[in-house]
Amino acid sequence: QVQLVESGGGSVQAGGSLRLSCAASGYTSSQHCMAWFRQGSGKGREAVATINRDYDTWYTDSVKGRFTISRDNAKNTLYLQMNNLKPEDTSMYYCAEHVGYYCVLQSTNYNYWGQGTQVSVSS
């Protein structure tokens with residue numbers, strides 16, 4: 001079993017920055033795909049960014065140029081640096097792990113999830 005714990009959320013004004021962290025423990029592997037998802041109130045869960053074992057990354061269009069996903073395998077930690085935050089970024093953010101080599105965008109393909117960390121951006 002893998003355990004994921006997010007931290008780093010909070011409330012900021014538009015244009016501000018936050019860095020989210022996801023600490024992994026258990027049988028997590030550096031070869032597995034890791035991802036950040038977000039889910040706003042009354043909305044579905046959306047893939048924000050993914051990173052695979054080769055450190056290849058993918059971002060949803062709305063965050064390109066503003067967010068950066070990274071991983072530190074020695075620390076078993078996933079990060080999401082969020083710059084120039086906008087009110088529409090307000091969501092609960094979740095880290096997730098897919099037990100496999102290839103990243104996908106469908107949330108149902110991810111095997112392990114954290115409890116989430118809230119990000120609120122005011123205008």
Side-chain angles (χ1 to χ4, degrees):
Q1 183 64 252
V2 172
Q3 295 82 46
L4 304 174
V5 180
E6 302 98 334
S7 62
S11 298
V12 298
Q13 292 188 318
S17 298
L18 287 171
R19 188 180 75 162
L20 307 184
S21 298
C22 173
S25 61
Y27 294 99
T28 185
S29 172
S30 63
Q31 297 191 74
H32 293 168
C33 177
M34 301 294 294
W36 288 97
F37 287 78
R38 65 186 180 186
Q39 186 168 16
S41 179
K43 299 181 179 180
R45 190 163 295 187
E46 172 192 30
V48 177
T50 67
I51 184 167
N52 69 9
R53 63 180 181 177
D54 297 316
Y55 301 93
D56 296 326
T57 60
W58 171 91
Y59 301 91
T60 192
D61 286 345
S62 63
V63 308
K64 287 180 179 177
R66 300 189 296 119
F67 291 10
T68 302
I69 188 172
S70 61
R71 65 194 299 170
D72 186 335
N73 292 333
K75 296 182 178 180
N76 281 340
T77 303
L78 178 74
Y79 302 98
L80 185 67
Q81 178 67 46
M82 305 185 294
N83 297 326
N84 192 24
L85 283 161
K86 302 176 180 180
E88 50 263 45
D89 295 318
T90 296
S91 285
M92 184 73 75
Y93 283 73
Y94 301 88
C95 65
E97 179 176 349
H98 170 59
V99 180
Y101 300 147
Y102 307 103
C103 289
V104 294
L105 304 182
Q106 174 57 245
S107 62
T108 55
N109 290 115
Y110 285 79
N111 304 92
Y112 303 103
W113 293 84
Q115 292 298 114
T117 186
Q118 179 67 42
V119 171
S120 298
V121 185
S122 60
S123 60

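Computed from heavy atoms alone, side chains included, the values below leave out hydrogens, waters and symmetry copies. What you are looking at is a predicted structure, and each value in this text was computed from that prediction instead of being measured.
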Quiz prompt | Hphob cluster co-occupancy, Met92 + Leu18, side-chain heavy atoms under 4.5 angstrom | solution = no

Quiz item: Above 12 or not: heavy atoms from other molecules or residues under 6.0 Å from CD of Gln115?
Solution: no

Self-check item: Shortest non-hydrogen contact from Ser123 toward Ala14
Solution: CA-CB, 4.3 Å

Quiz item: Between Lys86 and Asp89, is there a side-chain N and carboxylate O pair less than 4.0 Å apart?
Solution: no

Quiz prompt | Same apolar cluster (I L V M F W Y, side chains within < 4.5 Å links), Leu4/Leu78 | solution = yes

Quiz item: Would you say the side-chain atoms of Gln118 pair up with the backbone N or O of Ser91, donor to acceptor, closer than 3.5 Å?
Solution: yes

Self-check item: Approximate separation, where rounding is to 0.5 Å, of Thr90 OG1 and Arg38 CZ
Solution: 9.0 Å

Self-check item: Closest contact, heavy atoms only, Gln1 versus Gln3
Solution: CG-NE2, 3.3 Å

Quiz item: With a 4.5 Å heavy-atom cut-off, do Gln13 and Leu85 have their side chains touching?
Solution: no

Quiz item: Does the Asn52 side chain pair with the main chain of Tyr55, one donor and one acceptor, at a distance under 3.5 Å?
Solution: yes

Quiz item: Tyr94, Val48: one ILVMFWY side-chain cluster at the under-4.5 Å cut-off?
Solution: no

Quiz prompt | Interatomic distance, Arg53 atom CZ to Gln31 atom CD [nearest 0.5 angstrom] | solution = 5.5 Å

Quiz item: Taking the side chain as C-beta and beyond, is there a heavy-atom pair between Arg66 and Tyr59 under 4.5 Å?
Solution: no

Quiz item: Which residue pairs pass the disulfide (SG to SG under 2.5 Å) test with at least one member in residues 52-100, sequence neighbours excluded?
Solution: Cys22-Cys95

Exercise. Keeping the roles fixed (side chain from Asn109, backbone from Val104), state whether a donor-acceptor pair exists under 3.5 Å.
Key: no

Quiz item: Got a sec, which pairs hit ring pair (Phe, Tyr, Trp, His ring centres under 6.0 Å) with one end in residues 100-123, sequence neighbours left out?
Solution: Phe37-Tyr110, Phe37-Trp113, His98-Tyr110

Quiz item: Backbone N or O of Gly116 within a donor-acceptor pair of the Glu6 side chain at under 3.5 Å?
Solution: yes

Exercise. Kindly compute the distance separating SG (Cys33) from CD1 (Ile51), expressed to the nearest 0.5 Å.
Key: 9.0 Å

Exercise. Tell me whether Trp58 is reachable from Leu80 by hopping between hydrophobic residues (I, L, V, M, F, W, Y) whose side-chain heavy atoms are closer than 4.5 Å.
Key: no

Practice problem: Locate the shortest heavy-atom distance separating Ser21 from Thr77; write the atom from each residue and the value. | Solution: CB-CG2, 4.4 Å

Quiz item: With the 4.5 Å side-chain cut-off for hydrophobic clustering, are Leu20 and Tyr79 part of the same group?
Solution: no

Quiz prompt | Heavy-atom closest contact (Arg71 atom, Ser29 atom, distance) | solution = NH2-O, 3.6 Å

Quiz item: Roughly how far, to the nearest 0.5 Å, is the CE atom of Met34 from the SG atom of Cys103?
Solution: 9.5 Å

Self-check item: Nearest heavy atoms of Val12 and Ser17, plus distance in Å
Solution: CG1-O, 4.1 Å

Quiz item: Do Phe67 and Thr60 touch side chain to side chain, with heavy atoms closer than 4.5 Å?
Solution: no

Self-check item: Side chain to side chain, Val121 and Met82, heavy atoms closer than 4.5 Å
Solution: no

